Amino acid sequence: MKLSEIHYSNKFDDLDSQLKNFINQEKHVIFIDSKLSSIINLDPKFKTFEIEINESTKDLNTIQKIWKIMFSESLDRSSKIIGIGGGVLSDLVGFATSTFKRGANLSLVPSTFLGMVDAAHGGKTGFNNEFGKNQIGTFFIPEKIFICTEFLDSLSEIEMNNGIIESLKAGFLGDKEIIEMIYQDKLNNLEEIIKKSIQVKYNILKNDLRESNERMFLNLGHTIGHLIEKDSNYSISHGQAVGIGMLKGFEISESKFNLNSSIRDEFKSFLNKQSMKTEYSFNSSQSELKEIISNDKKVTSDVVKFVLIKNIQEPVLIDFSINDLLEVLTNA
Ligand code: GLY
């Protein structure tokens with residue numbers, strides 16, 4: 001299976017040149033999150049369309065707007081469709097492209113740290129409907145991903161932490177140097193951290209794109225994290241929620257696999273250093289939490305595929321009954 005080709009740059013001018021070379025006067029459209037238009041000035045010759053992006057516009061209505069533009073620009077399967085934005089934009093533009101004429105040519109420019117290290121890679125696309133988040137979607141690998149680290153200059157602390165937690169997750173799954181670099185505050189070398197995090201993900205994707213096995217490792221911290229996000233009505237950020245989820249996962253790994261408790265202690269100190277919370281009390285009742293977990297795409301017959309680690313770089317999937325999971329969450 002062919003994974004995306006990645007191009008790096010540090011400055012928007014270089015990204016602009018990379019896009020010019022790639023488009024090479026061929027038929028194309030660029031969809032950009034409207035919030036980014038004041039941050040990046042693209043060459044006016046590009047056919048650029050701004051899309052209003054937030055969790056509440058992540059719906060079929062926006063997909064239809066995107067399809068409409070594709071038709072009005074007379075695009076065909078070989079036209080170059082480029083999405084510039086965070087995870088919501090890449091999910092939407094990815095879905096619309098994967099279904100346009102049964103699949104056109106997608107490339108992504110992630111504008112967030114989280115997008116650069118995780119969301120843009122691996123072809124997950126989708127949108128929300130009344131049945132939940134990303135319940136309709138496809139796996140559709142972008143041809144190219146352009147990573148420009150100048151986007152990081154304008155990110156908030158919360159957005160930076162979203163990416164740092166996802167990079168740490170990659171470190172725990174497959175590359176302990178990422179953990180060392182982040183704990184030692186080597187954040188001036190973000191490009192190296194991004195490259196290493198992507199490599200961990202690609203090593204997993206090449207064996208299991210459709211998430212039937214190994215790809216589930218990428219959910220380390222996410223089962224509990226998603227519950228926290230939902231329970232808090234999304235007032236808790238993704239990184240913060242996944243951070244607490246990983247901490248709880250390490251605690252369970254200690255009791256099930258004798259994981260050295262220093263791993264949890266060091267991670268907890270790191271969260272404290274970032275002024276991130278290390279605990280969360282759920283507002284929902286047990287039956288409401290059960291309902292939320294049951295709607296998770298990774299749950300079958302009341303069993304959650306839950307990711308733990310036996311050690312750093314040794315992830316493992318266990319089957320957790322929803323009831324057992326709820327029990328350990330009482331004091332997440
Ligand atoms: N973000 C997890 C995955 O791509 O599977």
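Being a predicted model, the structure only gives us computed values, none of them experimental. Throughout, numbering of the chain's residues begins at 1 and tracks the sequence. Whatever order the structure lists them in is the order used to number ligands and atoms, beginning at 1. For the numbers below, each heavy atom of this structure counts, side chains included, while hydrogens, waters and symmetry mates do not.
- For the pair K124 and ligand 1, the shortest N or O to N or O distance falls below 3.5 Å.
- Taking a cutoff of 4.0 Å between a charged side-chain nitrogen and a carboxylate oxygen, D76 and K101 do not qualify as a salt bridge.
- Q240 and H238 share no side-chain donor-acceptor pair at under 3.5 Å.
- Regarding atom 1 (N) of ligand 1, its nearest protein heavy-atom neighbour is D118 OD2, 2.7 Å.
- Using a 4.0 Å cut-off between charged side-chain N and carboxylate O, K290 and D302 make no salt bridge.
- K35 and D33 are joined by a salt bridge, as a carboxylate oxygen and a charged side-chain nitrogen come within less than 4.0 angstrom of each other.
- Ranking the protein heavy atoms by distance from atom 5 (O) of ligand 1 puts R215 NE, 2.8 Å first.
- Looking at K201 against ligand 1, only its side chain comes within 4.0 Å, counting heavy atoms.
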